[in-house]
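Note that this is a predicted model, so its numbers are computed, not measured. Numbering of residues begins at 1 and proceeds along the displayed sequence.
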Amino acid sequence: MSTSRVCCLYRVSTTRQVDVVAKGTDTVQDISMQRIACHELAQAKGWTITAEYQEAGISGFHNPTFEREAIRQIIDSAERKEFDILLVYAVDRISRRDYELPMLFGAMHDCGIMIWSVKEGELPYNDSDDRLKIYLFGWKASGESERLGQRIQTKQSQMVARGEYRGGTVPFGYMLEDTGETTKSGRIRHVLKICENEATVIRMIFDMIANQGYSAYEVSRWIQTAKLPDGIRCLAWRSASIHVMLRNSIYIGCMHFNDEVSMPFADLQIVDPAVFKRANEKLSSRRSVPTEKSKRKLTEPEPPPLYRDRIYCGHCGSRLVHNHGCYQKQDGSFAFYYNYRCYNKERFNDVCESLSTYSAARIDSDVIKHTQDLARMLLYSSEQELIDNAVSQARADFLSRRETTERELAEKEKQLRQLEKGIAEALSLYGPAAATHLEIVYTEVKNQRDILRAQFQKLRPSSFAPERLSVLKGKELSVWKQRCRSLNGKMSLERLSAVFFTKISVYKAFRIVYSVAPEVSQFFSGALDFDSLTISEPARNQAADTIL
């Protein structure tokens with residue numbers, strides 16, 4: 001029997017496919033069907049499961065394969081030879097992209113990793129026939145996703161034409177009413193009904209725009225302080241929200257989906273069509289539309305920075321959304337400007353005390369400055385001191401992980417002994433049927449014990465000897481220094497920022513706090529203080545020539 005080390009990957013496209021199970025005092029998501037099937041195959045083959053990755057609500061068709069966090073971690077583990085087999089329930093759990101699935105198989109094959117599927121068995125990738133077979137698997141999975149998307153779009157277009165609620169956020173001014181019927185999937189069927197309290201606010205907004213000459217911004221400022229009817233939903237009353245409401249044809253009873261618009265339904269109409277048309281005409285007349293001459297002078301927007309997905313609001317922890325606007329300059333041309341906005345602040349008016357808008361140029365320049373400072377610290381600090389710091393931290397992490405793993409392993413061994421005793425007592429008192437449940441629990445705990453045992457065996461003291469770690473950290477430092485020396489433009493600085501910082505938190509008054517990636521912070525003892533750099537003036541001048 002083989003004793004291969006196995007890494008399992010479980011994936012479902014929607015969170016509705018996930019089971020919620022109790023784990024101690026908490027509840028966790030579990031893709032139980034795929035997990036149980038993979039565990040049964042591993043047990044039958046005599047394999048040891050050493051790692052498991054779970055992707056809940058991750059589409060294998062819409063998400064690029066090599067940008068998924070679980071796939072990146074699996075590839076990193078494969079390159080470090082931490083497992084021998086990648087096991088999935090079905091090959092389409094890896095990816096539904098026909099051109100990316102063979103690439104991932106090639107990356108696993110280069111690392112010496114075998115890929116197995118519960119449904120398809122072993123999936124070799126040794127010759128042209130194997131490669132064609134894997135491409136056909138990807139082609140089939142991709143086609144299934146495309147056909148499913150087409151069926152869903154057709155179904156939703158038909159629902160819109162009939163005036164049926166197709167799911168999603170309920171528009172302000174409406175509520176859901178239970179019809180007492182169920183869908184084919186067993187869910188309760190709902191219909192949209194007018195919510196009179198909220199409909200009153202909608203009529204006020206349209207009247208102020210269409211008949212009283214208010215702008216969307218003035219309406220948003222007025223409505224934030226006005227006394228609204230009781231029992232309405234709390235929204236972030238901003239001009240952008242007002243613009244969306246004014247353009248939504250649902251308020252004249254017409255439902256829409258993509259380019260499909262239904263006939264008007266009288267029971268859904270809140271606003272008179274003439275008022276709706278007048279309000280949108282007033283709104284359009286306020287917009288500054290570039291002329292054909294100025295369009296030729298329009299400055300094309302730059303792409304957003306590579307580190308934008310790491311920028312968060314320091315007050316509520318929400319992501320800062322990157323967007324842009326356009327303004328007209330004195331010469332008649334138009335130019336773009338960029339902002340960061342707190343997502344929570346935009347959606348919910350009272351949950352965050354941050355600023356509504358942050359200048360992207362100001363934040364980005366600060367990020368680039370700190371990237372340069374951190375690169376200088378890596379290049380011109382004492383190399384031996386940096387390596388010693390990394391070795392010391394690695395040793396501390398190793399001892400902590402070894403102690404924790406040893407303690408958890410002892411607990412699992414104790415549980416197994418208790419279960420063995422319980423199974424023996426159940427067999428003697430009540431027969432084989434009474435011990436079935438305990439045997440299932442025993443198998444699960446035994447698998448967990450085997451995983452911990454494999455992890456503990458990897459944590460050998462010889463692997464973390466100071467001399468060996470010193471050589472390893474010296475090589476890592478050389479790689480980081482080479483990255484810093486190769487900077488030759490803004491894009492390179494952005495790439496370096498994206499790997500230097502795991503999180504960038506922005507507070508009021510543009511106070512910015514940086515969380516440095518562990519791969520970099522290991523070379524520095526304690527918290528990094530960018531304001532206390534001790535770099536000699538000649539070295540600083542040399543760094544200025546090296547780093548833009």
N-O pairing of R72 and D76 below 4.0 Å:
no

With a 4.5 Å heavy-atom cut-off, do Y312 and S318 have their side chains touching?
no

For E519, side chain to side chain contact (heavy atoms under 4.5 Å, CB included) partners two or more places apart
W480, A517

Would you check if the side chain of K508 reaches a backbone N or O of E353 as a donor-acceptor pair within less than 3.5 Å?
yes

Closest approach of G173 to I202 (non-hydrogen atoms, all atoms of both residues):
CA-CG1, 4.4 Å

Considering all heavy atoms, the nearest Y307-S497 contact:
CD2-CB, 3.5 Å

Between L123 and S117, the two heavy atoms sitting closest are CD1-CB, 4.0 Å

Parallel, tilted or perpendicular for H322 and Y338, by the 30°/60° rule?
tilted

Using a cut-off of 6.0 Å, state whether more than 12 heavy atoms not belonging to Y217 lie near its atom OH.
no

Which heavy atom of I252 sits nearest a heavy atom of P273, and at what distance?
CG2-CA, 3.8 Å

Can you check whether Y10 and Y89 have ring centres sitting under 6.0 Å from each other?
no

Does either side chain, that of H39 or that of Q34, offer a donor lying less than 3.5 Å from an acceptor on the other one?
no

If you compare all heavy atoms of R319 against all heavy atoms of R310, which two are closest, and at what distance to 0.1 Å?
NH1-N, 4.3 Å

Using a 3.5 Å distance criterion without hydrogens, assess whether the side chain of R93 forms a donor-acceptor pair with backbone atoms of V88.
no

Relative to F61, does R96 satisfy both conditions: NZ or CZ under 6.0 angstrom from the six-membered ring centre, and within 45 degrees of the ring's axis?
no

Working note: V170 + L192, criterion side chain to side chain contact (heavy atoms under 4.5 Å, CB included); need CA distance, chi angles, decisive distance, verdict.
CA-CA 8 Å; V170 178; L192 283 179; 3.9 Å; yes

Taking the side chain as everything from C-beta on, heavy atoms only, tell me whether S359 gets closer than 4.5 Å to F510.
yes

In plain terms, say whether D366 and K369 are close enough for a salt bridge, that is, a side-chain N and a carboxylate O under 4.0 Å apart.
no

Any donor-acceptor N/O pair, S142 side chain to W139 backbone, under 3.5 Å
no

Using a 4.5 Å cut-off on heavy atoms from C-beta on, say whether the side chain of Y53 contacts that of C7.
yes

Output the distance between atom CE (M245) and atom CZ (F172), rounded to the nearest 0.5 Å.
5.5 Å

Atom pair CG/NZ of L246 and K282 - distance to nearest 0.5 Å
12.0 Å

Go through the structure and list residues passing side chain to side chain contact (heavy atoms under 4.5 Å, CB included) with N211, not counting sequence neighbours.
D207, R278

Testing the basics here: between I94 and I115, what is the closest heavy-atom pair and its distance to 0.1 Å?
CD1-CG2, 4.1 Å

Please tell me whether Y251 and D272 have a donor and an acceptor in their side chains that are separated by less than 3.5 angstrom.
no

Regarding E494 and R308, does a basic nitrogen lie under 4.0 Å from an acidic carboxylate oxygen?
no

CG of L496 to CG of L306: how many Å apart, nearest 0.5 Å?
11.0 Å

N/O donor-acceptor pair under 3.5 Å between N63 side chain and I58 backbone
no

Cation-pi check, R511 to Y507: give yes when NZ or CZ is under 6.0 Å from the six-membered ring centre and within 45° of the ring axis, no otherwise.
yes

Would you say that L268 contacts Y174 through its side chain, given a criterion of any heavy-atom pair below 4.5 Å between the two side chains?
yes

Compare all side-chain heavy atoms of D364 with those of Y340 and state whether any distance is below 4.5 angstrom.
yes

If you round to the nearest 0.5 Å, how far is CD1 of I250 from CD of Q269?
10.5 Å

Output the distance between atom CG (L493) and atom CD1 (I368), rounded to the nearest 0.5 Å.
5.0 Å

Say you draw a straight line from CD1 of I232 to CE of M175; how long is it, rounded to the nearest 0.5 Å?
14.0 Å

Would you say V516 and F500 make side-chain contact, with heavy atoms under 4.5 Å?
no

Measure the acute angle between the ring planes of Y125 and F105, then classify it against the limits of 30° and 60° as parallel, tilted or perpendicular.
tilted

Side chain to side chain contact (heavy atoms under 4.5 Å, CB included) filter on T65, not counting sequence neighbours, yields R68, I71, S95, R97, E100, L104

Find out whether E120 and F137 are in side-chain contact, i.e. whether some heavy atom of one side chain is under 4.5 Å from a heavy atom of the other.
yes

Side-chain (S249) to main-chain (C254) donor-acceptor, under 3.5 angstrom:
yes

I74 side chain near L9 side chain, heavy-atom distance below 4.5 Å:
yes

Is it true that atom CZ of R35 has more than 12 heavy atoms of other residues, nucleotides or ligands lying nearer than 6.0 Å?
yes

